[in-house]
Amino acid sequence: MAFAGILNDADIKAALAACAAADSFKYKEFFTKVGLSGKSADDVKKAFFVIDQDKSGFIEEDELKLFLQTFSAGARALTDAETKAFLKAGDADGDGMIGVDEFAALVKA
């Protein structure tokens with residue numbers, strides 16, 4: 001599991017189940033349910049680098065669309081509306097990507 005040592009498998013399953021329906025993903029609820037909101041800054045950064053699939057140092061829109069699949073391969077892709085809302089919430093500097101500090105701020109919001 002990509003998040004081993006950072007997140008609990010049962011928490012991941014519960015968080016994914018809570019947003020299984022299309023257009024039901026709410027990042028604040030997900031981060032709380034999956035246990036990321038209560039983690040240290042170091043663990044949040046580790047999670048960022050798991051989600052940053054291409055290792056560019058940013059989470060781009062295509063990576064956000066597949067965000068849930070980084071937690072479980074069988075999870076659904078985010079809808080376009082969910083992806084755009086998630087990007088808008090996290091992209092503080094308007095560059096169209098979420099950097100590690102922006103991600104940390106989003107998780108702790």
Side-chain angles (χ1 to χ4, degrees):
M1 168 124 263
F3 292 96
I6 305 171
L7 301 173
N8 176 309
D9 285 351
D11 290 342
I12 291 172
K13 283 187 179 128
L16 289 171
C19 63
D23 293 316
S24 65
F25 177 77
K26 302 198 175 13
Y27 68 89
K28 285 183 183 182
E29 289 175 21
F30 184 84
F31 289 142
T32 300
K33 281 189 171 108
V34 84
L36 204 51
S37 298
K39 294 292 181 183
S40 70
D42 203 40
D43 280 344
V44 171
K45 282 186 179 176
K46 285 180 193 168
F48 172 87
F49 289 112
V50 172
I51 297 161
D52 176 21
Q53 296 283 306
D54 66 2
K55 307 300 176 212
S56 66
F58 295 94
I59 301 172
E60 293 88 8
E61 191 168 345
D62 59 331
E63 290 170 323
L64 273 185
K65 187 160 192 64
L66 304 177
F67 174 79
L68 297 177
Q69 294 172 6
T70 61
F71 291 86
S72 174
R76 70 177 178 89
L78 295 181
T79 65
D80 287 344
E82 288 171 320
T83 303
K84 296 218 180 294
F86 195 7
L87 182 60
K88 185 178 179 191
D91 182 19
D93 63 8
D95 65 359
M97 306 177 286
I98 297 174
V100 67
D101 294 331
E102 290 170 318
F103 181 74
L106 192 63
V107 167
K108 299 294 185 179

What residues, two or more places apart in sequence or in another chain, satisfy side-chain hydrogen bond (donor to acceptor under 3.5 Å, both in side chains) together with [X]?
X    : value
E61  : K84
K39  : none
D101 : none
D54  : S56

Study note, to complete from the structure: Contacts satisfying ring pair (Phe, Tyr, Trp, His ring centres under 6.0 Å) that involve residues 43-65 (not counting sequence neighbours) are F48-F103

So which heavy atom on [X] is nearest to which on [Y], and how close?
X   : Y   : answer
D91 : M97 : OD1-O, 3.0 Å
E82 : A22 : OE2-C, 4.2 Å
L16 : A75 : CD2-CB, 4.0 Å
A2  : T70 : CB-O, 4.3 Å

Exercise for review: Would you list the pairs meeting salt bridge (Lys or Arg N to Asp or Glu O under 4.0 Å) in which at least one residue belongs to residues 16-28, sequence neighbours left out?
Suggested key: none

Say you draw a straight line from [atom1] of [X] to [atom2] of [Y]; how long is it, rounded to the nearest 0.5 Å?
X   : Y   : atom1 : atom2 : answer
L78 : L87 : CG    : CG    : 11.5 Å
I59 : Q53 : CD1   : CD    : 9.5 Å
L68 : I12 : CG    : CD1   : 11.5 Å
I51 : Q69 : CD1   : CD    : 13.0 Å

**Study point:** Heavy-atom neighbours of K88 NZ exceed 12 at 6.0 Å
**Key:** no

Check your understanding: Just wondering, are more than 12 heavy atoms of other shown residues or ligands nearer than 6.0 Å to NZ in K45?
Key -> no

Exercise for review: With sequence neighbours left out, write down each residue that passes salt bridge (Lys or Arg N to Asp or Glu O under 4.0 Å) with D43, or none if nothing qualifies.
Suggested key: K46

My understanding is that only residues two or more places apart in sequence, or in another chain, count here; which of them pass side-chain contact (heavy atoms from CB on, under 4.5 Å) with [X]?
X   : result
A14 : none
S24 : C19, A21, R76
D11 : N8
D62 : E60

Review point. How far apart are the C-alpha atoms of Y27 and F67, what are their side-chain angles, what is the distance that settles it, and do they pass the ring-ring contact (aromatic ring centres under 6.0 Å, His included) test?
Key: CA-CA 10 Å; Y27 68 89; F67 174 79; 9.5 Å; no

Review point. Angle class for the F86/F31 ring planes (parallel below 30°, perpendicular above 60°, tilted otherwise)?
Key: tilted

Review point. Is there a side-chain contact between F25 and T79 (heavy atoms, below 4.5 Å)?
Key: no

**Study point:** Same cluster (ILVMFWY, side-chain, under 4.5 Å), I98 and V100
**Key:** yes

Review point. Are L66 and V34 connected in the hydrophobic side-chain network, where two residues link if heavy atoms are under 4.5 Å apart?
Key: no

